[in-house]
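A note on names: the letters A, B, ... follow the listed sequences, proteins ahead of strands, and every chain is numbered from 1. No experiment lies behind these values; they were computed from the predicted model shown.
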Amino acid sequence: MVATGSGTKSGKAFYVTTPIYYVNDAPHLGHAYTTVAGDVLTRWHRQRGERVWFLTGTDEHGQKVLRTAESKGVSPQEWCDKLVEEAWKPLWQHLEIANDDFIRTTEKRHTDRVREFVQDLYDKGEIYKGGYEGPYCVGCEEYKLPGELLEGTGENAGKQLCPIHKRPVEILKEENYFFRLSEYADKLLAHYEANPGFIQPESARNEVLSFVRQGLQDLSISRSTFDWGVPVPWDDEHVIYVWVDALLNYATAVGYNQNQETFDASFPADVHLIGKDILRFHAVIWPALLMANGLPLPGRIVANGWLLVGGEKMSKSNLTGISPRQITSHFGVDAFRWYLLRAIAYGQDGSFSWEDLAARYTSELANDYGNLASRVAAMVGKYFDGVLPEASADGDAEQAVHEGLAKAVAEADRKIGDDVEFQAGLQAIFDFVKQVNGYISEQEPWKVAKDDSPEARARLATILYTAAESLRAVAVLLHPFMPASSQKLWESLGAEPALGPLADQRVQEAGEWGRLPAGSTVTKGAALFPRLEEQPGA
RNA sequence: GCCUGCAUAGCUCAGUCGGUGAGAGCGCCGCACUCAUAAUGCGGAGGUCCCAAGUUCGAGUCUUGGUGCAGGUACCA
């Protein structure tokens, strides 16, 4: 857990969540994608000086976990403990995820509050006991909708068949508790209407709109066929439906019904980051539950797309592809974090490939960015003995760089901090890197260095200061994405003695020209992103 | 089946209200340069804008049909 920004503002924290991941198996690329996005978003806001709360965690109840545990011959709690401690938490640590809390739905701080929340709804008349009767497939172990059934033929003539198992379904009846979701359709639509940015991206919003416009049915929120879950407070025969249990983590983790002060300081979330597979739960059921209990609604739900690996969809049921650690062991954690948000427009589906990562790494990280840092540090060392000189001869070329930086900072802050569009923000930052490379090539400091006249020395000093000061800003802007390499650059520029720790640098001030003082000690360290020659088979 | 969205250079994608010869990055080819991680800068080649018909003075951009792909069609999560 990492400390939040020091620039505490009065009022509510900027509260961001990832989904709590279902611990049926080890984390894969898709989980890492959403979690990295949340980490970058919150790190960005911390560097804006805001108080931030970043929550992630695990969803541990439900039939699937129970079954998996049984098949492994352990209790579900043991199974969850093992995965959380040996797979999930270590991966987030490895990826430098600076979450402020990690909630597990099996924790007492969660389960007690869930029971209270559901009891409240029950007391308010939002929950009623009802029966569900419908066609049930024994093979699938779930109810089917009448519309998806097939007409039987031959020996099954006249019967209806499960579309998957092609076996006759049985009509089963089960008693359940239902939440009056149907009464919230209009209220939800009104909220979507009044808050156009509530669901991002636009395509996700449209899907939710068309779904809710068709009308909503009440939601069964209890299960009685298995017991791995939170018992319904007034009826031990039932456990609370895992999704209701899971969604409530966003409230229970920040002190719902436990610590009003903490709760008010965080809740509701400003941004719920999710994968589009769980859009409906977050954009429909979750707000309805909050409305029913008189709680405020989140700022927005931002859904990311599918990650396609080798042309195949990456999902919880399809674990094909590459593990996060395989990638980081070759390219490093920074490059991994950067690539996910650089290569794919957040919200759209995107393909991940080893080849593309290798190509972008070489071109953008090694050649453009890393090499820029390298050439600048080398020249300050060679021509000024590693002491950053003063810029005393600014001209039009320098002015263009100053303006380019201001523009890059404004664009990046708007795209990343406000719009949750990482790709566009990174684009702005890397366009600036390209501009600085161009500036150096045009100014040809290595030629200016051959002239010993005072005028030439002043020009040379100005060129190198301009380049180094540009890098200072880049280190600040890239820190949320690539903490380790940015820190290396910060040290290489000798920025810390005068400016303080990198994590404390404000994005708002990153574009102010001249922050890195002349006299700073510039050292050329190891390459930020060494070229990777091999093409190891994935 | 029904609903929605997408199909633009080798690859990944941008193309606003329809209008001068269709764009970017990467890759490829050439030139310049040598401070730097054989890096950088400049230039070039490369496209029947999925197919067909239609509206229009004019369509990648609108309409209809077709083909292909993706997603949704609620309580596994």
Heavy-atom protein contacts under 4.0 Å, nucleotides 31-38 of chain B, coded B base, S sugar-phosphate only, - none: --SSBBB-
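- The residue I221(A) sits apart from the nucleic acid: no heavy atom pair falls under 4.0 Å.
- Evaluation of the side-chain hydrogen bond (donor to acceptor under 3.5 Å, both in side chains) rule for H110(A) yields D245(A), T252(A) as partners, not counting sequence neighbours.
- As judged by a 4.0 angstrom heavy-atom cut-off over every strand, N24(A) is placed among residues making no nucleic acid contact.
- H272(A) pairs by the side-chain hydrogen bond (donor to acceptor under 3.5 Å, both in side chains) definition with T17(A), W286(A), not counting sequence neighbours.
- Every residue meeting the side-chain hydrogen bond (donor to acceptor under 3.5 Å, both in side chains) condition with S75(A), not counting sequence neighbours, appears here in chain and number order: E78(A).
- Legend: residues meeting side chain to side chain contact (heavy atoms under 4.5 Å, CB included) with S492(A), ordered by chain and number and at least two apart, are A377(A).
- Residue contacts for D218(A): at a heavy-atom cut-off of 4.0 Å it reaches a base atom on one of the strands shown.
- In this structure, Q348(A) reaches the sugar-phosphate backbone alone: every heavy-atom distance under 4.0 Å involves primed, P, OP1 or OP2 atoms, never a base.
- Taking a 4.0 Å limit (strictly below) on heavy-atom distances, residues 199-214 of chain A reaches RNA chain B at E207(A), F211(A).
- Listed by first and then second residue, the side chain to side chain donor-acceptor pair (under 3.5 Å) pairs involving residues 370-384 of chain A are R375(A)-N437(A) (not counting sequence neighbours).
- RNA chain B is contacted by both D356(A) and S220(A); D356(A) maps to the nucleotide lying nearer its 5′ end (nearest heavy atom per residue).
- Residues passing the side chain to side chain contact (heavy atoms under 4.5 Å, CB included) test with P287(A) are L188(A), F198(A), L297(A), sequence neighbours excluded.
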Expected output check: what is the dot-bracket annotation of RNA chain B, where ( ) and [ ] are pairs inside the strand (brackets for crossing ones), | is paired with another strand, and pairs are Watson-Crick or G-U under 3.5 Å? (((((((..((((.....[...)))).(((((.......))))).....(((((..]....))))))))))))....
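- Taking side-chain N and O atoms only, R342(A) has no distance below 4.0 Å to OP1 or OP2 of U12(B).
- Applying the side-chain hydrogen bond (donor to acceptor under 3.5 Å, both in side chains) criterion to D419(A), with sequence neighbours excluded, gives no partner residue.
- Using atom C1' as the reference point in both G58(B) and G21(B), the two lie 15 Å apart (nearest Å).
- Remark: R280(A) pairs with no residue by the salt bridge (Lys or Arg N to Asp or Glu O under 4.0 Å) rule, at least two apart or across chains.
- Remark: E398(A) pairs with R459(A) by the salt bridge (Lys or Arg N to Asp or Glu O under 4.0 Å) rule, at least two apart or across chains.
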